[in-house]
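Chain identifiers are assigned alphabetically (A, B, ...) following the order of the sequence lines, protein sequences preceding nucleic acid strands; residue numbering begins at 1 within each chain. Quick note: numbers below take in every heavy atom, side chains included, and nothing from hydrogens, waters or symmetry partners.
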Protein chains: 2
Amino acid sequence: MSQPTEHTPERPSGRAVPTSADVARLAGVSRATVSYVLNNTSTVRISEPTRRRVREAAEELGYVPHAAARSLRAGHSRMVLLPTSHVPVGPLYSQFFDEFQWALRRLDYTVVQYGSVGLEAEEAARAWAELRPVAVVSLGEVRLTGQGVEILKRSGARAVITLGAQGVEGTHALVMDQGRVGEVATAHLVESGRRRIGVVIPEEPGLAMFSGPRLDGARRAARGTDATVVPLPLRYDEESANELAARWRELGLDAVFAYNDEYAMLLMRALQDVGLAVPEEVAVVGADDLLLGRLLRPRLSTVRIDMVLGRELAELVDRAVREPEVPPRTRSLLASQVVRRESS
Amino acid sequence: MSQPTEHTPERPSGRAVPTSADVARLAGVSRATVSYVLNNTSTVRISEPTRRRVREAAEELGYVPHAAARSLRAGHSRMVLLPTSHVPVGPLYSQFFDEFQWALRRLDYTVVQYGSVGLEAEEAARAWAELRPVAVVSLGEVRLTGQGVEILKRSGARAVITLGAQGVEGTHALVMDQGRVGEVATAHLVESGRRRIGVVIPEEPGLAMFSGPRLDGARRAARGTDATVVPLPLRYDEESANELAARWRELGLDAVFAYNDEYAMLLMRALQDVGLAVPEEVAVVGADDLLLGRLLRPRLSTVRIDMVLGRELAELVDRAVREPEVPPRTRSLLASQVVRRESS
DNA sequence: ACGTGTCACTGACACGTGTAACTAAATCGT
DNA sequence: ACGATTTAGTTACACGTGTCAGTGACACGT
């Protein structure tokens, strides 16, 4: 549904944006010389006085090179595209992200986040491909299909990397084994003598790709024991939590893995408000190891998920770009461990 | 027929990304026709059979247009650049952000977030200018100097918009009056009979541009009354909070405005742990109105800051782009109000 | 004087796209 | 029947940049 855009060719207040030709004219040299000077090309020798004249002219005009023209000519770019839909950001994700960006910049890549909020998977892939990125790193929130990967590679992307709950065919996939999170949490509860274990499933749709595998992991941990697992849908608001707490006794649960620390705090408060003792009557375990969980009474037990380091991921991107012939591999990250505090 | 020079020795069957010329060849038409068909140009008439052939050829080759070449030719892009240094976490910001992106996309803009982590202000502005965005929207975390604005405008940006604690010369500035936040919080405490009021100043450097004005606002509210304001530096960890709580009695404070809800929770827990009663001995007020604050006992009083709506901001961007001749104005957003719960 | 280098540049082309200007054929109006 | 108009395209150029292949001018060795 792209209707032709009526663009307005009128220029604001006359002066056009300066190009390297303008710099050349002002410095009294050819355009080629300008290019050589400003890029510090080492294969060509330009005298020092000329270099100075060119630099001064560029400075005076406020010349800034045109990235699109440059990468068009070069036939390739050093742009790494990070698709972002809606990010349920936490502090540890935020830190990872900063480090990742910093490391990529240090490797001389240009990091661009491209939001594609309301688009279908293939439609989005096409939009990304238009930018001709050298690599695409999808951080889990966006589903990228094999079809989409094919479009991207055909458009010149030398590496497609996904970091998420499940791998994608044709990509360097880092699978953060969400099942493992549910598994260790549940195993911990079983070992502590709990038998009827609830698992909170957030109703927020963006979280389904995490919560599903976590529930599966919980079931895996319960298998072979006499413990049972009960899924508990929950919205992130007080009303929903109170409702769940109100029918807690009829559910007959003696423990709950609450998806993450925020849902855990929400639910724990509701449970306490209806007179249930934590951890005596109900054990509660969250995930993410937020600072705030330590401030509660009882202190919240949690699962600490060790994120991949930003620097490592950046190096993976760089390697994949420089050696596109090595076939993509799927690797699992399964560093998750329970931090036991007082609530379990 | 003038035979075109076949300057490509490598076959497109291998690893060449298809261009509109390839589509034209396959469909047996000229490149111009391909462009007309794929862009639905209404000023030129192309027969339906030809249209179909072109579309099929494009589909078969997996053709995706080259955005850089397109905007180079067009002389302008519809890209809105959002510089982001470190992502400020928070649910209300996240929601605002999604809505903003969605609204801009709906207005046919391309939203690109560009991270410039370790760069100086002017250096960063130059990097942004290279991308030739039609508009730049700075969301507060990054300081953008008047110098930087000049660079951007000279590079063709038709609108520069800043949303933050203070305005920037030459931009459409939306100033979120942080002083007002401290002012209403303090005024509330004074009206409740408190006289010695602490104001938490986070030591995290990125927050200085918010905490400074908030402190000033607090002082403003105390002026003309017999209340006094005491700045309290604090790190976001338990140790720092405990330290502060330990010397609370010697400080002789009967209230604290804790910068935001997270710092408030941290400090309130530390105060309670040393035996101080909230709110009887110390009143605590946070800011941001997080859900978690409502789960504490006592429930946390807070300042709700009404963010500008994403859709509104998107419309402002669009207006500024279409009418670059209207001079930029600075507007203040001062919708902040205290939500009184139990901690004050 | 002559070839051979070196120095300091310049001319020209290609990258992929959009569009104004042109053209050859078909159709129409009278 | 013949110019005028419409149809369905094509040719050619421009956008801003990087870089290969020259090209004078001058120095040097013999």
*Got a salt bridge between B:Arg52 and B:Glu56, using NZ or NE/NH1/NH2 to carboxylate O under 4.0 Å?*
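Yes, charged N to carboxylate O under 4.0 Å.
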As a test of reading the structure: which of [options] is closest to the side chain of [X], going by heavy atoms?
X       : options                : result
B:Thr19 : D:dG16, C:dG16, C:dA12 : C:dG16
A:Arg45 : D:dT7, C:dT19, C:dC7   : C:dC7
B:Ser30 : D:dA12, D:dT10, D:dT17 : D:dT10
B:Leu72 : D:dG16, D:dT17, D:dG9  : D:dG16
A:Asn39 : D:dG9, C:dT17, D:dG18  : D:dG18

Atom [atom1] of [X] and atom [atom2] of [N]: how far apart are they, to the nearest Å?
X        : N      : atom1 : atom2 : result
B:Arg51  : D:dT7  : CZ    : C1'   : 13 Å
A:His76  : D:dG18 : NE2   : C1'   : 11 Å
A:Arg53  : C:dA8  : CZ    : P     : 13 Å
A:Arg25  : C:dT10 : CZ    : C1'   : 16 Å
B:Asp22  : C:dC15 : CG    : C1'   : 13 Å
B:His66  : C:dC15 : NE2   : C1'   : 8 Å
B:Arg70  : C:dG18 : CZ    : P     : 5 Å
B:Glu130 : D:dT17 : CD    : C1'   : 12 Å

Practice problem: Please assess A:Leu81 against A:Val137 for the test side-chain contact (heavy atoms from CB on, under 4.5 Å), listing each intermediate value before the final yes or no. | Solution: CA-CA 6 Å; A:Leu81 191 78; A:Val137 181; over 6 Å; no
Within the pair B:Ser35 and C:dG18, is there a side-chain N or O less than 4.0 Å away from OP1 or OP2?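 For B:Ser35, the contact criterion (side-chain N or O under 4.0 Å from OP1 or OP2 of C:dG18) is met.
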Return no unless some side-chain N or O of B:Thr50 is found under 4.0 Å from OP1 or OP2 of D:dG9.
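So the side chain of B:Thr50 is within the cut-off, an N or O lying under 4.0 Å from OP1 or OP2 of D:dG9.
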Take atom CD of B:Glu169 as the centre, draw a 6.0 Å sphere, and report whether it contains more than 12 heavy atoms from other residues, nucleotides or ligands.
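For B:Glu169, atom CD is not crowded (no more than 12 foreign heavy atoms under 6.0 Å).
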Would the number of heavy atoms belonging to other residues, nucleotides or ligands and lying under 6.0 Å from CZ of B:Arg51 be above 12?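 Enclosed: over 12 neighbouring heavy atoms sit under 6.0 Å from CZ of B:Arg51.
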Practice task
Would you please test A:Val17 and B:Arg132 for side-chain contact (heavy atoms from CB on, under 4.5 Å) and show each step?
Solution key: CA-CA 10 Å; A:Val17 12; B:Arg132 298 289 192 275; 3.9 Å; yes
Any donor-acceptor pair, under 3.5 Å, between the side chain of A:Arg73 and the base of C:dG16, if you only look at N and O atoms?
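Counting by modelled atom types and ignoring angles, no donor-acceptor contact under 3.5 Å is found here.
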ask   = What about B:Arg132, does its side chain sit under 3.5 Å from the base of D:dG16 through a donor-acceptor pair?
value =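 There is none.
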*Approximate separation, where rounding is to 0.5 Å, of A:Arg31 CZ and A:Asp22 CG*: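 Between atom CZ of A:Arg31 and atom CG of A:Asp22 there are 11.0 Å.
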Nucleotide by nucleotide, nucleotides 20-28 of chain D touches protein heavy atoms under 4.0 Å in the pattern (B base, S sugar-phosphate only, - none) B--------
- Item | Relative orientation of the end axes in the helix from C:dA1-D:dT30 to C:dT30-D:dA1, expressed as an angle to the nearest 10° (five pairs per end) |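 Here the helix ends are tilted 60° relative to one another.
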Exercise for review: Would you mind telling me which residue lines up with the more 5' stretch of DNA chain C, A:Gly75 or B:Arg31, judged by nearest nucleotide?
Suggested key: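 First, find each residue's nearest nucleotide; the 5'-ward one identifies A:Gly75.
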task: Between B:Ile46 and A:Thr41, name the one whose nearest nucleotide on DNA chain D is closer to the 5' end.
output: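 It is B:Ile46 whose nearest nucleotide is closer to the 5' end.
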Query raised in the report: Where do B:Glu122 and B:Ile151 land on the side-chain contact (heavy atoms from CB on, under 4.5 Å) test, with the steps shown first?
Result: CA-CA 8 Å; B:Glu122 194 185 317; B:Ile151 291 175; 3.6 Å; yes
| said: At 4.0 Å (heavy atoms only), tell me whether B:Thr33 reaches a base, stays on the sugar-phosphate, or touches nothing. | reply: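 It contacts base atoms.
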message = Set out, in order, the CA-CA distance, both residues' side-chain angles and the distance that settles side-chain contact (heavy atoms from CB on, under 4.5 Å) for B:Val37 and B:Arg55, then state yes or no.
response = CA-CA 8 Å; B:Val37 170; B:Arg55 291 212 177 91; 4.2 Å; yes
Discussion item. Checking B:Thr162 against B:Ser138: is there a side-chain donor and acceptor pair closer than 3.5 Å?
Written reply: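 No - no donor-acceptor pair under 3.5 Å links their side chains.
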- prompt: Any donor-acceptor pair under 3.5 Å linking the side chain of B:His66 with the backbone of B:Val64?
  reply: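 Such a contact is absent between B:His66 side chain and B:Val64 backbone.
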